[in-house]
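Okay, structure first, notes after.
All values below were derived from every heavy atom in this structure, side-chain atoms included, with hydrogens, water molecules and symmetry-related copies excluded. Naming: A, B, ... by sequence-line order, numbering from 1 per chain.
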Amino acid sequence: MTLGGGGAIKESTLYSDGTFLQKFYPERQPARDERDRSVSLGELAVRAGFAESEHEYRSKLHMFALELAEQQIKKAITRDQIIMQAVDAQDTLNSTINLLKERFEEWSFIKRSDCIERDDMEMLEELRGQLDSLTKERNRLEEYITENMHGTAPNITMIAGPVLGARIISIAGGLERLSRMPSSTIQVLGAGKALFKHLQKGTPPPKHGILYQHHVVQGAPWWQQGKLARAVSSSLAVAARLDYHGGGLNNDVIKKMDKKVERIKAAHTKPSKKQKK
Amino acid sequence: MSKVQGPEAHGKISNLYAIWIDGRKHLATPNLAPGKKVYDERIVNAGGTEYRLWNPWRSKLCAAVLKGINFPLESDSRILYLGAATGTTVSHISDMVPDGIIYAVEISPRPVSNLIETARSRKNVIPILADAARPSTYLGMVETVDFIYQDIAQRDQAGIALKNGRTYLRKGGTLVLALKSQSIDSAAKPGRVFEGEAEKLSEEFRIRNRVRLEPHHKYHMMLTADYV
């Protein structure tokens, strides 16, 4: 291969019968000059007859962009996003309730140990009332999530229950993204910090993230938890794909998961030597 | 009644003014949509024109300008704005380039609905719902521009700027880039993170200026660079 001085790269092959093949390539432009090709969409639009002037093109583009963005927003809102909002609201409510409860109990303690004024009593009662209504609200949210999860993600609900299922969707960033995740990613959803620490510093990888809250994982002895989390996450991966593509409820997924879980429990009645270390 | 002094033009940036209220300096831009507010900004009348005060606590660009960063923005500049969010900073740039155009890209639908509302009364703002990490997705709407302003809380901030620069920035154009060290590496020291990003950029840009945005925005740096 030789570099052609006249702006072309010539490649020639000589065959044994005396004929030869020559290939010409246009000289490859260095990448940094490619950006020199300025484009003015306004000019193009005028030349192509889309608009009388650049000014007109811009005002047409403005209207077009507004309409397009509006339609895209409408399309972007899906059922799973409503579920995500609800479950995130429930999380916020939970922490609020816990904080308020702590405060309430400390206040009650003072009330019991000291003679307290009538005004203070009323204040405390009011706080209790607020706490009660917040708790009611949380329970109502749970019902709402349950209803919606059965409709939108029946398979995930079957595997993980409505609230945990909704939380998993929320961490994954939506049903579509969850449906594209490998089960190994689902297994450690919610353990981002531990996972990146593992990748960067070589600490042991997390066995489970939010899946720790799954009854199969949580109730098991510690040496089985990683294996069980793997079984649950692989079933969840299948469930998410079924739900995203509208496959309807399929009982095979849970049956297979139950079998896997039984097998793991039977095969690992004790921690292995490696695990004991 | 507070005492208003100014406006006084600000350096190289078109339609950017300093206004003193009771002796305190504020940056302000002439309202392109008089009578309309975009967020909860303060509006001041001076010399028969309505000005919107620009809040450095809300806008990184404003904080950077207060810290002395400068760029040759003209009243007819074309700008690609990546990470437009709800459009607070966009609206001030819109005031500054009445004859120009701002292609405002934002990935998240919720802020875009605010951006659309802002854009309705501002003809120079083109809202685009798209991912700035994939510049080819808005090829049909955005043309070659004079400026890229980027304020995105994502990991590969320099990479996104490079990709968009290659596709849309004219030769000699300017990049104004807000870097957030926390979204690149929350464990490393900000200074070191900024170094690394600047180095990546210097493959294709000539870096002109850098300022840290403390106290207005912690762990942030604003950088200007020329496309050479």
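The nearest pair of heavy atoms linking G42(A) to E143(B) is N-OE1, 3.8 Å. Contact between L129(B) and I73(A) at its shortest, heavy atoms only, is CD2-N, 4.2 Å. When all heavy atoms of L66(A) and A119(B) are compared, the pair lying nearest together is CD2-CB, 3.8 Å. Scanning both residues, R58(A) and G100(B), for their nearest heavy atoms gives NH1-O, 3.3 Å.
Interatomic distance, S40(A) OG to R170(B) CZ, rounded to the nearest 0.5 Å: 13.0 Å. The line from OG of S59(A) to CG of N124(B) is 12.5 Å long, rounded to the nearest 0.5 Å.
A donor-acceptor pair under 3.5 Å is formed between the side chain of T144(B) and the backbone N or O of V39(A). Remark: the backbone N or O of P127(B) is not paired with any side-chain donor or acceptor of H62(A) at under 3.5 angstrom.
At a 4.5 Å heavy-atom cutoff, F196(A) makes no contact with chain B through either its backbone or its side chain. For V142(B), the part sitting under 4.5 Å from any heavy atom of chain A is the backbone (N, CA, C, O) and nothing else. For R110(B), no part lies near chain A; criterion is any non-hydrogen pair under 4.5 Å. Contacts between A69(A) and chain B at a heavy-atom distance below 4.5 Å involve backbone atoms as well as side-chain atoms. Neither the backbone nor the side chain of Y168(B) comes within contact range of chain A, judged by heavy atoms closer than 4.5 Å. For a residue to count as touching a neighbouring chain, one of its non-hydrogen atoms must lie under 4.5 Å from one of that chain's; by this rule I101(B) touches chain A with backbone and side chain alike.
No more than 12 heavy atoms of other residues, nucleotides or ligands shown are found within 6.0 angstrom of CZ on F64(A). Counting non-hydrogen atoms of other residues, nucleotides and ligands closer than 6.0 Å to NZ of K197(A) gives a total of 12 or fewer. Other residues, nucleotides and ligands contribute only 12 or fewer heavy atoms inside 6.0 Å of the NZ atom of K207(A). Taking a 6.0 Å sphere around CZ of R241(A), one finds it holds more than 12 heavy atoms contributed by other residues, nucleotides or ligands. Atom CZ of R140(A) is surrounded by 12 or fewer heavy atoms from other residues, nucleotides or ligands within 6.0 Å. For R138(A), the CZ atom is densely surrounded, since the number of other residues' heavy atoms within 6.0 Å is greater than 12. Within a 6.0 Å radius of NZ in K193(A), other residues, nucleotides and ligands contribute 12 heavy atoms or fewer. Atom NZ of K163(B) sits in a crowded spot, with more than 12 heavy atoms from other residues, nucleotides or ligands closer than 6.0 Å.
Most heavy-atom pairs under 4.5 Å with chain B: of the set I77(A), L68(A), L61(A), this distinction falls to L61(A).
By the 4.5 Å heavy-atom criterion applied to side chains, E70(A) and V112(B) are not counted as neighbours. For the pair Q72(A) and P109(B), the minimum side-chain heavy-atom distance is 4.5 Å or more.
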